Engineer: 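One structure, as structure tokens, below. Some questions next.
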There are 2 protein chains.
Amino acid sequence: MDDKDLEILKLVQSNARMTAETLGQAIGLSPPAVQKRLKKLRESGVIENEIAVLSPARLGREMTVIVQVMLERENRMYLENFKRKMRNVPAVQQCYYTTGEADFILVVVVNNIKEYEEFTQECFFDESNVNKFTSSIVMDRVKVSLDIL
Amino acid sequence: MDDKDLEILKLVQSNARMTAETLGQAIGLSPPAVQKRLKKLRESGVIENEIAVLSPARLGREMTVIVQVMLERENRMYLENFKRKMRNVPAVQQCYYTTGEADFILVVVVNNIKEYEEFTQECFFDESNVNKFTSSIVMDRVKVSLDIL
DNA sequence: CTTGAAACCCGCCTGCA
DNA sequence: TGCAGGCGGGTTTCAAG
């Protein structure tokens, strides 16, 4: 992990389709050298995976909601149950276990308000440990990225 | 956009490195056919881009904070200023303009608490229109994905 | 760096609606 | 007749020596 690796990461985190040749001339390295570095970065887990980012709008996913969830009881079993549920529900794009007022903060993506209502029914009312939750409707997805460099 | 396209999207949204051949035999299509569909999906913007997902832990980005921001004044110019700022600050991974108590909800990724303090100084105190903000420290990134299918 | 193998891209042709 | 799938070429990219 040196500066060259970091430069490669900075580039591929916003575009994974760059060829080794393009990357190479951007940072001053031969294509095979770049490929070897990429291979190591993937194997070591620095690059976790490579994904296609889809357009929510083009696919009818018009609605994003950020939800703060307060649980009833906070013992370990309930926490794990809730986490497992979140991982398995497709509408939940992101789930964070946090300090502060809320126990969990979610980013939920659905087609419309009806689907959101169904989601809350399934996850927050039925057989659940949720005490309270507050929903914030997203009016503008100002910035959405996973870049960390 | 038919079922085959949707199947392709479902696969590539979690792994963009699948070859056209692999995709083809998963959904019953020849490799060239898959490539043509991918090309169209990219050109039409259904696939916005393809990115490498990096490991925050491996890169020292140990700290994720979810921030709710209430602005002082909500007129258009201040909103746009704030949005522009968020887009330009690298620590801000995500920024949503929302209904509800908070005007904006942010996902911020930093190395440590000191960097977070610097971030708040830069974005919330100096020459800014921020009335109040609350920080929730993330203890567990239970689920982080961009999948929408 | 060089080489062999594999994946991708671009024609053309065919079949079907 | 127009659109989508399949096949073949050449070209680029990838991966091992």
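Quick caveat: nothing in here was measured; it's all calculated off a predicted structure. Each chain gets a letter, A, B and so on, in the order its sequence line appears, and its residues count up from 1.
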Engineer: Expressed in angstrom and rounded to an integer, what is the separation of D2(B) atom CG from dA17(C) atom P?
Structural biologist: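 Interatomic distance, CG of D2(B) to P of dA17(C): 15 Å.
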
Engineer: What's the closest nucleotide to the side chain of K39(B) if the choices are dC1(C), dA7(C), dC10(C)?
Structural biologist: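 Nearest listed nucleotide: dC10(C).
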
Engineer: Rounded to whole Å, how long is the line connecting atom CE of M18(B) with atom C1' of dC8(C)?
Structural biologist: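 Atom-to-atom, M18(B) to dC8(C), this comes out as 16 Å.
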
Engineer: From the list dC7(D), dC9(C), dA15(D), which nucleotide is the closest neighbour of the side chain of P32(B)?
Structural biologist: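 Given the options dC7(D), dC9(C), dA15(D), the side chain of P32(B) is closest to dC7(D).
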
Engineer: Within the structure shown, what part of the strands sits under 4.0 Å from K40(B) by heavy-atom distance: base, sugar-phosphate, or nothing?
Structural biologist: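 Here K40(B) touches the backbone only, sparing every base.
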
Engineer: Does the distance from a Lys or Arg side-chain N to an Asp or Glu carboxylate O, for R42(A) and E48(A), drop under 4.0 Å?
Structural biologist: no

Engineer: Just the rounded figure in Å: distance from P of dC8(C) to CZ of R37(B).
Structural biologist: 16 Å

Engineer: Measure from NZ on K36(B) to P on dG11(C) and round the result to the nearest Å.
Structural biologist: 11 Å

Engineer: Less than 6.0 angstrom from the centroid, inside 45 degrees of the normal: does R141(A) satisfy that with respect to the ring of Y96(B)?
Structural biologist: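 Judged by the rule (NZ or CZ under 6.0 Å from the ring centre, within 45° of its axis), R141(A) is not positioned above Y96(B).
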
Engineer: Under a 3.5 Å distance rule, please check whether D2(A) uses its side chain to pair with a backbone N or O of D5(A) as donor and acceptor.
Structural biologist: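 Checked: pair present.
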
Engineer: Using whole Å, report how far CD of E43(A) lies from P of dC14(D).
Structural biologist: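 Value for this atom pair: 16 Å.
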
Engineer: The test is ring pair (Phe, Tyr, Trp, His ring centres under 6.0 Å); show your working for Y97(A) and F82(A) and say whether it passes.
Structural biologist: CA-CA 10 Å; Y97(A) 177 47; F82(A) 188 81; 9.4 Å; no

Engineer: Between E118(B) and K114(B), is the closest basic N to carboxylate O distance under 4.0 Å?
Structural biologist: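 Result for this pair is yes, salt bridge flagged.
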
Engineer: State which of dT13(D), dG5(D), dA7(C) makes the closest approach to the side chain of E21(A).
Structural biologist: dT13(D)

Engineer: For dA7(C), does OP1 or OP2 lie under 4.0 Å from any side-chain N or O of R17(B)?
Structural biologist: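 Negative; the distance criterion is not met.
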
Engineer: Roughly, in whole Å, what's the span from CD in Q35(B) to C1' in dG5(D)?
Structural biologist: 13 Å

Engineer: Check this for me: does the side-chain of K4(B) come within 3.5 Å of the base of dG5(D) through a donor and an acceptor?
Structural biologist: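 For K4(B), whose side chain was compared with the base of dG5(D), there is no donor-acceptor pair (under 3.5 Å).
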
Engineer: Separation of L29(B) atom CG from dA4(D) atom C1', in whole Å?
Structural biologist: 9 Å

Engineer: Start at the 5' end of DNA chain D and walk down; is the nucleotide closest to P31(B) or to T22(A) reached first?
Structural biologist: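 The answer here is P31(B).
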
Engineer: Separation of L23(B) atom CG from dA6(C) atom C1', in whole Å?
Structural biologist: 16 Å

Engineer: So, is T19(A) near the phosphate of dT12(D), with a side-chain N or O under 4.0 Å from OP1 or OP2?
Structural biologist: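 No, T19(A) has no side-chain N/O under 4.0 Å of OP1/OP2 on dT12(D).
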
